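Ligands are counted one by one from 1 in listed order, and the atoms in each one are counted from 1 as well. Just so we're clear, the structure is a prediction, and the values are computed from it rather than from any experiment.
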Amino acid sequence: MVSTPLKTTRSEEIFAAAQKLMPGGVSSPVRAFKSVGGQPIVFDRVQGAYVWDVDGNQYIDYVGTWGPSICGHAHPEVISALHEALEKGTSFGAPCYLENVLAEMVIEAVPSIEMVRFVNSGTEACMGVLRLMRAFTGREKIIKFEGCYHGHADSFLVKAGSGVATLGLPDSPGVPKSATGGTLTAPYNDLEAVKALFKDNPDSIAGVILEPIVGNSGFIRPDAGFLEGLRELTKEYGALLVFDEVMTGFRIAYGGVQEKFGITPDLTTLGKIIGGGLPVGAYGGRADIMAMVAPAGPMYQAGTLSGNPLAMTAGIKTLELLQKPGTYEQLETITKKLSEGLLKAARDNGHTVCGGSLSAMFGMFFTEGPVHNYDDAKKSDLAKFGKFHRGMLECGVYLAPSQFEAGFTSLAHTDEDIDRTIAAARDVLASL
Ligand code: KE4
């Protein structure tokens, strides 16, 4: 594939106007392409594995609106289910049977979840689970891992990943010390560091929260024994283990990382896929812990649009589609082929890279590796990543606009799409 300079006139016009209307011209920082440079692409429409920008350029998409569109963008069955639901209204603010349906599906799917509360985003899910960890244990401190991102609530904006890492805002202004004083951090995959934190803070740590497979420092897998070690340590110290599966839930497996790796946390957060592209987050876990949540218990959390019928409908249909036999084998096969092809294309052209994939998630770093944590990830050649990203865009491939994000495939990506992507990577990497 020969990359030709993209015609992005309309994107430039719209984005220039956007910057006068919204901070940075975006509704979420990572979309501004700050870490890869160049003109952000303004989307016009999405379908299946593809996106089209406002200048009519088509791209094979590996961002998938950051995870939700695992069945492919605008899946016809999701769209028609939404049309039907629309006829009955867009929001109730009252109990709705669809909430029962999605709740049952989530409880059935995710090993740790006996009861669930729906919210409107992954951030809200992580805010709720944070308060719940503290309410249930009566303790205030939490442990998170450097480079892991759990949404933008104050207590989590300490050495966070994703857009925070991209923008170099590990401790954002506006976050008071009082909000982060109880947030302890350790390097990912470093069990000894976690043991030391527990030893230094006996009886005061409410829980440990992590991305059981990291997507927000780029793609980083847990080392053998890491998740098991955290499960044992939290049990030993009477702390809760929380898997933030907002990104990995229903992506790594239908039951998430916890099903794939056979480790059951006490609480889990979800988002993205369970909303099928509409705003949904959720937190759930052991019934005795969830019993704390108002109005069943004293811990307050609420939301006007939580459990809204359109979002429930999109989530239900998406999970139904994912239940089809062979789904995760298909995702594993195409993603492994893509990941191996990208790594080979880079190495054949003399680049030092490492990376890999698991189910429908993949990543590649421009560094020797192996990458076990965020410090390792930061050794990656970010300038080269930026050039690679731009070159792939010009070849019609849309990758996440940051080294500190993971790549996502979908059931809509065909073998031909994967071949075209690898061919494009070969051309771009030969030119770098
Ligand atoms: P949201 O509030 O963005 O729905 O979810 C926050 C969140 C929580 N936990 C994990 C593991 C997450 O990955 C996220 C959000 N992911 C980012 C992408 N890495 C969303 C994209 C963005 O911030 O624009």
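Aromatic ring centres of Y62 and H413: separated by under 6.0 Å. The distance between the ring centers of F365 and F385 does not fall below 6.0 angstrom.
For K379, the salt bridge (charged side-chain N to carboxylate O under 4.0 Å, His left out) test picks out D376, with sequence neighbours left out.
A salt bridge links K317 to E320: one of the charged nitrogens lies within less than 4.0 Å of a carboxylate oxygen. Looking at E232 and K235, no side-chain N of the basic residue comes within less than 4.0 Å of a carboxylate O on the acidic one, giving no salt bridge. A salt bridge is defined here as a Lys NZ or Arg NE, NH1 or NH2 lying under 4.0 Å from an Asp or Glu carboxylate O, and D381 with K387 fails to meet this definition.
In terms of protein heavy atoms, atom 4 (O) of ligand 1 is closest to G122 N, 2.9 Å. The nearest protein atom to atom 21 (C) of ligand 1, hydrogens excluded, is given as W66 CG, 3.7 Å; this is a heavy-atom distance. Among protein heavy atoms, atom 9 (N) of ligand 1 sits closest to D244 OD2, 2.7 Å. The protein atom (non-hydrogen) at minimum distance from atom 18 (C) of ligand 1 is E405 OE1, 3.4 Å. The nearest protein atom to atom 10 (C) of ligand 1, hydrogens excluded, is given as Y149 O, 3.3 Å; this is a heavy-atom distance.
Relative to the ring axis of Y374, K378 places its NZ or CZ within 45° and under 6.0 Å from the centre.
No N or O atom of R31 sits closer than 3.5 Å to an N or O atom of ligand 1.
A donor-acceptor pair under 3.5 Å is formed between the side chain of Q330 and the backbone N or O of L411. Using a distance-only test at 3.5 Å, with no hydrogens or angles considered, no donor-acceptor pair links the side chain of N57 to the main chain of D53.
Those atoms of ligand 1 that come under 4.0 Å of a heavy atom in N216, given as number and element, are 10 (C), 11 (C), 12 (C), 13 (O), 18 (C), 19 (N). Of all the atoms in ligand 1, the ones that sit under 4.0 Å from a non-hydrogen atom of S121 are 2 (O), 4 (O). Less than 4.0 angstrom separates some heavy atom of H150 from each of these atoms of ligand 1: 8 (C), 9 (N). Contact atoms of ligand 1 toward S28: 22 (C), 23 (O), 24 (O) (distance under 4.0 Å to a heavy atom of the residue). The atoms of ligand 1 that sit less than 4.0 Å from any heavy atom of G151 are 6 (C), 7 (C), 8 (C).
Looking at M247, E245, E211, K272, it is K272 that brings a heavy atom closest to atom 20 (C) of ligand 1.
With a heavy-atom cut-off of 4.0 Å, T123 touches ligand 1 through backbone and side chain alike.
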